[in-house]
Engineer: 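I'd like to ask you about the structure that follows.
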Amino acid sequence: MNMIEPAQFITEALRGTLRSNVAMCHHTSWRAGGHAERVYQPADLADLIVFLRTLPADELVVAVGLGSNLLVRDGGLRGTVLLLHAALTEMRIETDGSIYVQAGVSGAKLARFAAKHNLRGAEFFAGIPGTLGGMLAMNAGCYGSETWNVVANAQTLMRSGKLLEREPDDYEIGYRHVVLRKKGKYLEHDDHIPNSLPFYQEEFFVGARLRLPASDGEIARREIKSLLSKRIASQPLNLPNAGSVFRNPPNDYAARLIEQCGLKSLQIGGARVSEQHGNFIVNVGGATAEDIENLINKVQVSVQHKTGICLHPEVRIIGEYANTHE
Ligand SMILES: Cc1cc2nc3c(=O)[nH]c(=O)nc-3n(C[C@H](O)[C@H](O)[C@H](O)COP(=O)(O)OP(=O)(O)OC[C@H]3O[C@@H](n4cnc5c(N)ncnc54)[C@H](O)[C@@H]3O)c2cc1C
């Protein structure tokens, strides 16, 4: 881990947008959920660093990309959401041939950029409707490829505004699983985050260097097209959803188990298990976060009861239950 001195980034005034009491249904692909106390959309990385340095030491912070793997409970989120997708959008080819991509870049843009520069191995990003930051946090992947397979190193920003460069070895990385192995020198002081609120962050991704082999961009473009057609054919993309709700258990598929248990079309309020893909829950209209979470729990209990297999959610559920403010 190297610390990058961010002095060069410091500017005087904030240039981003700070809003209060923001409905997170506008920032999550399920189009459901509660309000965030504050949302800051930085102008760029330099502005984000300045903003973090203005925050009180006990302010809780959570980074959000495109909200495509996220459910914010109806009681909402205390603290500040950092909305990174429209902010950290830089991409460039480095002198060593790697590409530097900021955390707010979408999977689709990243895949197209790599193909345009005759690089291969980034095609799978095209079908994942999130940002690079969310994909690094989730180790998102599909069709046999995973985000961290192509990461040379990651750039992270601490809650205090310190910029770090981290190696893949700094993380325990697995299937939809990324955890910092050991808290570093600058990660020791997170006592202000209560243990019951694990989704608040002391450090988050702001970019990464990706290493991709050279190839013919036309081949990559054809691959992107073919992957997108497969998705359109197999996923209920006409209704708000958050992709696969559960991780696949070893040697099996969550969708197959859900279908086998007769749970397709099960509905609670406005949340329904998709007829097209058993591992998707769609918002058929007016779903609350509670509807969605109750349906997730019901599917989990039914599958466990009928097959003995415990499905673990892949989607991140954050925030507080309605009417439970302390
Ligand atoms: C139709 C559809 C298809 C999908 N297909 C796939 C698929 O094939 N494979 C797959 O893996 N996923 C898939 N997903 C899920 C989702 O797109 C991925 O998990 C994606 O990586 C989430 O990115 P995001 O920017 O939307 O993250 P968000 O949903 O905004 O956040 C997800 C989590 O990451 C954290 N996070 C976000 N940004 C950062 C950051 N900069 N630093 C640190 N933490 C951060 C958040 O705090 C949250 O805990 C799909 C979703 C949909 C809706």
Side-chain angles (χ1 to χ4, degrees), residues 28-31 65-70 85-86 89 91 99 101 103-151 175-176 208 210-249 251-260 263-265 271-285 311 313-315:
T28 55
S29 60
W30 251 322
R31 298 281 175 261
L66 279 159
S68 63
N69 201 48
L70 197 61
H85 77 273
T89 54
M91 265 191 288
I99 55 178
V101 186
V105 172
S106 70
K109 283 197 175 143
L110 166 53
R112 284 202 303 271
F113 181 84
K116 184 176 156 200
H117 291 278
N118 294 313
L119 298 168
R120 277 208 85 181
E123 298 87 314
F124 75 99
F125 287 120
I128 304 177
T131 59
L132 179 67
M135 295 191 280
L136 289 165
M138 298 300 306
N139 193 20
C142 54
Y143 306 123
S145 303
E146 284 181 337
T147 303
W148 280 87
N149 291 346
V150 297
V151 174
Y175 167 57
R176 308 294 174 268
L210 311 183
R211 210 169 279 292
L212 299 162
S215 170
D216 176 353
E218 192 44 42
I219 299 176
R221 269 188 291 277
R222 277 206 298 275
E223 180 72 4
I224 290 172
K225 225 170 157 185
S226 143
L227 294 181
L228 291 177
S229 317
K230 271 196 218 165
R231 288 186 165 251
I232 290 165
S234 62
Q235 298 181 350
L237 302 179
N238 57 332
L239 287 169
N241 67 79
S244 293
V245 171
F246 296 100
R247 300 171 198 201
N248 289 321
N251 308 315
D252 210 336
Y253 292 96
R256 193 195 71 77
L257 292 165
I258 292 165
E259 182 164 4
Q260 181 196 312
L263 299 169
K264 275 185 164 185
S265 299
R272 186 196 295 166
V273 177
S274 163
E275 292 87 358
Q276 194 180 348
H277 192 308
N279 200 15
F280 276 50
I281 287 179
V282 291
N283 179 353
V284 293
L311 292 180
E314 176 175 324
V315 291

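Values below: all heavy atoms of this structure, side chains included; hydrogens, waters and symmetry mates excluded. Counting begins at 1 with the first residue of the sequence.
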Engineer: A quick test of your reading: do over 12 heavy atoms of other residues, nucleotides or ligands sit less than 6.0 Å from NZ of Lys264?
Structural biologist: yes
Engineer: Any donor and acceptor pair, going by atom type alone, linking the side chain of Asn248 with main-chain N or O of Ala254 inside 3.5 Å?
Structural biologist: yes
Engineer: Looking at Ala140, is its backbone amide N or carbonyl O close enough to the side chain of Thr147 to form a donor-acceptor pair, meaning the two atoms are under 3.5 Å apart?
Structural biologist: yes
Engineer: Donor-acceptor pair, distance only, cut-off 3.5 Å: does the side chain of Arg176 make one with the backbone of Asn139?
Structural biologist: yes
Engineer: Ignoring hydrogens and angles, tell me if any N or O in the side chain of Gln260 forms a donor-acceptor pair with the backbone of Ile258 under 3.5 Å.
Structural biologist: no
Engineer: Measure across Gly278 and Val273 and return the closest heavy-atom pair with its distance rounded to 0.1 Å.
Structural biologist: O-CG1, 3.4 Å
Engineer: Give the table of side-chain donor-acceptor pairs shorter than 3.5 Å for residues 230-243, with sequence neighbours excluded, one pair per line with atom names and distance.
Structural biologist:
unit_1	atom_1	unit_2	atom_2	d
Arg231	NH1	Gly127	O	2.9
Ser234	OG	Lys230	O	3.0
Asn241	OD1	Gly243	N	2.8
Asn241	ND2	Pro236	O	3.4
Asn241	ND2	Leu239	O	3.0

Engineer: Is it the case that the side chain of Arg221 and the backbone of Asp216 share a donor-acceptor pair, with hydrogens and angles ignored and the cut-off at 3.5 Å?
Structural biologist: no
Engineer: Tell me, please, which residues at least two apart from Val101 pass side-chain contact (heavy atoms from CB on, under 4.5 Å).
Structural biologist: Met91, Ile99, Val105, Leu110, Leu132, Leu210
Engineer: What are the two closest non-hydrogen atoms of Arg31 and Asn283, and how far apart are they?
Structural biologist: O-ND2, 3.5 Å
Engineer: Charged N to carboxylate O under 4.0 angstrom, Glu259 versus Arg256?
Structural biologist: no
Engineer: Report the distance from atom CG of Asn118 to atom OG of Ser215, rounding to the nearest 0.5 Å.
Structural biologist: 7.5 Å
Engineer: At their closest point, which heavy atom of His277 faces which heavy atom of Ala255, and how far apart are they?
Structural biologist: CE1-CB, 3.8 Å
Engineer: Tell me the closest heavy-atom pair linking Thr131 and Gly65, and the distance in Å.
Structural biologist: OG1-CA, 3.6 Å
Engineer: Once rounded to the nearest 0.5 Å, what's the spacing between atom OG of Ser106 and atom CG of Leu66?
Structural biologist: 7.0 Å
Engineer: Could you go through the side-chain contact (heavy atoms from CB on, under 4.5 Å) check for Tyr175 and Glu146 one step at a time?
Structural biologist: CA-CA 8 Å; Tyr175 167 57; Glu146 284 181 337; 4.3 Å; yes
Engineer: For the CZ atom on Phe113, are there more than 12 heavy atoms of other groups (residues, nucleotides or ligands in this structure) within a distance under 6.0 Å?
Structural biologist: yes
Engineer: Minimum heavy-atom separation for Leu311 and Arg247, please, with both atom names.
Structural biologist: CD2-O, 4.3 Å
Engineer: Under the 3.5 angstrom rule, does the side chain of Ser68 hit a backbone N or O of Pro129 as a donor-acceptor pair?
Structural biologist: yes
Engineer: Which atom pair, heavy atoms only, marks the closest approach of Val315 to Ser244?
Structural biologist: CG1-O, 3.9 Å
Engineer: Any chance you could measure Ser145, atom OG, to Glu123, atom CD, to the nearest 0.5 Å?
Structural biologist: 8.0 Å
Engineer: So, the side chain of Trp148 versus the backbone of Leu136: is there a donor-acceptor pair under 3.5 Å, distance only?
Structural biologist: yes
Engineer: Do Asn279 side-chain atoms and Phe246 backbone N/O form a donor-acceptor pair below 3.5 Å?
Structural biologist: yes
